[in-house]
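The sequence lines fix the lettering, A, B, ..., with proteins before strands; numbering per chain opens at 1.
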Amino acid sequence: MSGVNLSGIVKAYGAVEVVHGINLDVAEKEFVVLVGPSGCGKSTTLRMIAGLEEITAGNLMIDGRRMNRIAPKDRDVAMVFQNYALYPHLNVADNMAFGLRIRKMPKAEIATTIADVAEILGLTNYLERRPADLSGGQRQRVAMGRAIVRHPKVFLFDEPLSNLDAKLRTQMRAEIKRLHNRLGVTSIYVTHDQVEAMTLADRIVVMNDGAIEQVGTPMELFNHPANTFVAGFLGSPPMNQMKGVLTEHGAKIGDTEIKFDGFANGQAGRDVIVGIRPEHVTLAAGEQTSALPIELDLVEPLGSEALLHARFGNDNVVFKADTKGDIQHLSGVGEVYVPAPLIKLFDAETGHALNAKG
Amino acid sequence: MMNWNLYSRGDKFFAIVVSVLIGMFTVATLYPFIYIAAVSFSSGFAAQAGKVVLTPIDATLEAYGYIIKDPQFWISYRNTFIYTIGGTLMSLAFIIPGAYALSRRQLKGRRFLNLFVAFTMWFNAGLIPFFLNMRDLNLLDSMFGIILAFAVNAFNIILLRNFFEAIPQSFEEAARMDGANDFQVLWKVFIPLSKPAIATITLFCIVSRWNGFFWAMVLLQSEEKIPLQVFLRHTIANLSDNDEFAIVQTDAAFSAETVTAAIIVCSIIPVLIVYPFIQKYFEKGILLGGVKE
């Protein structure tokens with residue numbers, strides 16, 4: 001069992017607490033992504049798992065062993081850094097061999113290990129090159145190679161793709177996923193990019209202000225966000241959130257009533273936030289749909305679909321619509337339709353979901 | 001070639017003034033070298049008469065012949081090498097780990113320790129207490145004493161510490177994750193990445209050791225332990241004080257002046273040979289000190 005278990009993990013710098021008691025179980029072979037805005041404590045959490053930051057309080061277990069006071073080198077974890085941290089004075093082969101030599105692995109074994117990993121990562125022709133002579137993507141691969149050669153129990157990734165351009169990032173993302181499927185090593189990955197989180201993760205941990213907001217599979221979090229923060233963080237563009245009041249048959253936003261029987265449960269008059277994902281609206285009425293009158297402001301074509309920026313009552317909203325190869329027909333849109341089952345409700349005060357699993 | 005049309009009158013004037021100043025500085029620096037070399041190859045008579053200006057007069061190698069026959073010259077030459085190599089290695093052995101430790105954020109009391117090191121740049125014990133200290137440590141007239149006494153230099157530690165501080169933290173972290181301990185992080189990552197800075201402080205150490213005169217004169221009594229610079233001092237003192245030598249040798253092919261000049265030339269040669277190889281690091285080192293301090 002090479003799982004990672006965090007219980008009540010706290011990090012404080014002097015009197016300032018930046019991570020407030022995190023509880024998380026990462027199962028063996030699982031790929032878990034910590035995602036959140038800058039300063040939410042995700043990197044600090046990862047560095048505590050790596051042993052690069054001291055743990056102020058709580059317990060960290062790796063493979064069933066308490067790791068709080070164990071040096072990074074003895075935790076059997078490998079880390080890929082945001083800036084790669086490749087040793088500039090060593091060539092690719094020596095960079096990858098660095099940890100193996102320190103661990104006194106026999107030379108012949110080092111050579112075969114590096115040849116194997118270089119083959120997997122497509123680095124065989126670059127083994128003699130220095131990091132300065134490599135492209136960003138190649139450096140990224142070397143950084144991963146350096147982690148892989150050690151066959152660690154856990155891989156830690158600290159925003160490894162954030163220094164790459166958009167195209168390369170997509171490509172490397174797929175490579176990381178493939179690699180994980182192939183090697184099956186428990187992985188914890190930190191990013192602020194929700195697309196990376198959605199595409200890579202078996203489970204996503206959304207963090208904010210040093211605490212966990214929600215843990216779940218990408219689709220669980222997308223479909224059933226636990227609160228307005230998660231709803232606003234995952235999804236591109238994010239979920240539209242509008243202030244409203246519950247009625248007998250739905251909710252009223254400004255002058256418009258949206259109908260969704262059964263959700264209100266006799267709580268009419270309660271202040272809520274109504275959440276509608278941009279992709280959940282249609283341009284034609286269907287079953288159980290409510291009409292939302294909008295004032296179209298701007299149409300942004302993305303190719304197969306377009307973003308409709310509009311005013312709805314007092315709120316700015318963004319919806320997605322199919323272009324069907326043309327955006328002419330979108331310019332006159334004055335109403336969109338939202339299906340009742342896809343509407344999300346949150347408590348106006350706490351931001352907690354009222355129909356989280358519905 | 002510079003295109004003068006692109007420059008304003010002020011720029012042109014500035015360029016001319018700078019060129020003249022650099023030219024004057026070059027002459028002022030080079031001339032003593034050339035003069036000493038010329039004297040060392042001139043006859044004693046010509047040197048005494050003040051005829052040597054730029055080139056050797058009545059060229060001769062007699063002065064060199066005189067010094068290379070003196071066994072004390074070779075002993076002190078060897079000593080200078082021992083002090084320079086031993087002293088430089090000793091300095092590096094103290095300065096590199098010291099600078100590394102002071103550059104680490106996790107070092108407890110780091111601010112105080114840094115201040116403590118810098119303090120010695122402005123305040124030191126002074127001549128007599130230092131001498132008494134060396135005496136009480138039984139390091140007077142000791143070759144090891146000379147090597148040990150000046151091994152730690154605050155300026156060099158601060159220079160290297162700043163260089164280490166500028167190396168991204170993630171290299172150290174990556175090495176730690178790879179299993180390196182403190183010593184391995186320093187040896188396998190920081191030292192290779194700090195070659196320019198280390199070359200610079202090595203050169204600083206070599207030059208100051210090679211030219212080291214005052215303390216060697218104060219601390220060493222035995223002739224067989226003195227370095228070249230002290231031997232030079234003794235020679236100058238002996239030859240000039242020795243009126244008989246001066247008078248008798250007036251007609252000879254060498255004199256006190258030419259012998260002194262020959263010793264100086266011999267003492268400069270190794271520095272001249274080494275300097276071109278480390279010059280590029282030396283310049284970088286000065287720049288890095290300038291930017292960081």
When the 4.5 angstrom heavy-atom criterion is applied to B:Lys188 and chain A, the contacting part is both
Is there a donor-acceptor contact under 3.5 Å from the side chain of A:His89 to the main chain of B:Ser194?
-> no
Is it the case that more than 12 heavy atoms not belonging to A:Lys177 sit under 6.0 Å from its NZ atom?
-> yes
Can you tell which part of A:Leu100 gets under 4.5 Å to a heavy atom of chain B, answering side chain, backbone, both or neither?
-> neither
Tell me, yes or no, whether the heavy-atom count around B:Trp187 atom CH2, taken from other residues, nucleotides or ligands under 6.0 Å, exceeds 12.
-> no
For chain A, which residues of residues 170-182 of chain B have at least one non-hydrogen atom nearer than 4.5 Å to it?
-> B:Ser170, B:Phe171, B:Glu173, B:Ala174, B:Ala175, B:Arg176, B:Met177, B:Asp178, B:Gly179, B:Ala180
Residue part contacting chain B, namely of A:Arg47, when any heavy atom lies under 4.5 Å | side chain
Gap separating the CD atom of B:Gln169 from the CZ atom of A:Phe81, nearest 0.5 angstrom = 9.5 Å
Quick one: which residues of residues 101-114 of chain B reach chain A at under 4.5 angstrom, heavy atoms only?
-> none
If you draw a 6.0 Å radius around CZ in B:Phe214, do more than 12 non-hydrogen atoms from other residues or ligands fall strictly inside?
-> yes
Check whether A:Val77 gets within reach of chain B through its side chain, its backbone, both or neither, counting any heavy atom under 4.5 Å.
-> both
With a cut-off of 6.0 Å (strictly less than), are more than 12 heavy atoms of other residues, nucleotides or ligands near CZ of B:Phe213?
-> yes
